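Contents: one structure, followed by commentary.
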Amino acid sequence: MSDQAAGEIGAKRRVRAEDEFRDAPQSALDFMIIRIAIRLLLTAAILLLWQYASGRWIEEYWISRPTDVAAKIVEWWYSGDLLTHMGITAGEAISGFLIGTLAGGVVGFIFGWFKRVAEILDPIIIAIYSLPKVALAPLFIIWFGIGFEMKVILTAVIVFFLVFFNTYSGVRDTSRELIDIVRLMGAKTPQVLWWVVLPSALTAIFVGLRVSVPYALIGAVVGEMMASNRGVGFLLMQSAGQFDTAGTFAALLTLIAISAAFNESIRYLEAYLLRWKEVQR
Amino acid sequence: MSDTPVLAFEDVTKVFYKGSQPVVALEGLDMAVREGEFVSVVGPSGCGKSTLLNLAAGLSPAAKGRVVYRGKPVEKINTAVGYITQHDNLLPWATVRKNITMGLKIRKVPAAERAARLESYLELTGLKGFENHFPAELSGGMRKRCSLARTLIYSPEMVLMDEPFSALDAHVKMIMHKELLRIWDEQRTTILFITHDLVEAITLADRIVVLSARPGCVKQEMQVDLPRPRDPFTLQTSPDFSVIFETLWDGLKDDIYKGENV
């Protein structure tokens, strides 16, 4: 066979970048647009149904109506109430979340690394854990007053346990072989913790963080509902107290917005820190 | 090659406990590895081959007898040895570059030298172009080479290998043998290589130690006088190879049925 002929076969068989493959994945963008369109349509349908049902099938007093709720949000926006109260609630939730995460992470690490500590203290931790944390709110009001601190601490306590348990099991489940290999290379304990145990436990820690987001808001909002004149929890109580259904729904929507933003941030952080897992499928 | 042993097992017994039931893994084991020697240990499965390496690495203590490294008993983790396990045990969250240079970083090798050595080991193991990949993105053979590079790059005095190629398919295995021999011919590091594969042992080692079924002790020792450099792809056809294989197989075959996984 001449070189030219071989070249022709090669040319024939070569795959070109502009070739279309039947099994090529649909572009991610197409998927995203379809997904978002369906979500928007669904939301619109629910809102329309709500709007229509209100005053026709169900008395407006019970369920208000979307246009009234929207009007309420706009009203709060212009009076500055919306951002003030959202800021306070988000501030409490985030501060409590950070403190609880840090404390839960550190204690979880100690328990996971020193097995003896865990064996001795386990029943005590379980006992405190089995207490519904909101029941601590009255005590915290006595200790810390009805201000910002009390909500932060209530949130921190709730988040602490969720992060603690996940960190603990994450640290404990770190591959023994992996630790040994790195120690044989001459690594000291801090290096082992930083290079092996922390990244290995991170998967479990993020499970704790994701679960913690809604709970962080429980701490802040319950605290505000019990004792406060500020925050979204206060808005909620105030609106409900005045039988203002539109205001109540508006406050709930505000909470959903905070929670969603919070969740998204955690997801971004997780996608970045655990990017090595992306390729594992 | 000098005659002072780098590593010596002196009448070593190792016991594991299944609950409170003692299981004797090794009993009265005596063997030594000399400087620059490539020693391979073969034996039926469950005969305590891997235990041998854990003792040498100081990861677990002997019940009786002594494990001696360069004249000193091994009492804590032995950082003079590098350990290549059956699973590649790469850090899944670290890139190839970080995995390979970790040992150098721990030993505080300056960044410039780290980069230079990384470069030469990427070349040596054919991982060039993959330094920013995560282990999950590599094939089994590449992960193995990465794990070899990670250990060899910081030049431990001695390398322990625990069936490192057993998970690879036959062709990749032979390629790995070729590469290991090529690297070893350059460095002549002392190697203690565990395997259950006689062909692999003969291809690689200077000397082969056969262990008995559990409790494991030395049953037979044999010098492999095949000339180096050896070519794993043609070695098996040589008559000398067959003679060595037959002799070792005679010693091994009775015990093989006493192994755990039969």
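If you're wondering where the values come from, they're calculated on a predicted model, not measured in any experiment. First the proteins, then the strands, lettered A, B, ... as listed; each starts at 1.
- Side chains of A/Arg210 and A/Asn263: no donor on one and acceptor on the other come within 3.5 Å.
- Looking at A/Ile181, only its side chain comes within 4.5 Å of chain B, counting heavy atoms on both sides.
- Heavy-atom distances place both the backbone and the side chain of B/Tyr83 under 4.5 Å from chain A.
- Checking B/Asp162 against B/Ser50 by side-chain atom types alone, a donor-acceptor pair falls below 3.5 Å.
- Heavy-atom distances place no part of B/His133 under 4.5 Å from chain A, backbone and side chain included.
- For B/Ile84, no part lies near chain A; criterion is any non-hydrogen pair under 4.5 Å.
- Under 3.5 Å, the side chains of B/Ser166 and B/Gln86 contain a donor-acceptor pair of N or O atoms.
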Report task. Would you check, one step at a time, whether the test salt bridge (charged side-chain N to carboxylate O under 4.0 Å, His left out) holds for B/Glu35 with B/Arg188? Result -> CA-CA 9 Å; B/Glu35 184 91 61; B/Arg188 295 281 164 165; over 6 Å; no

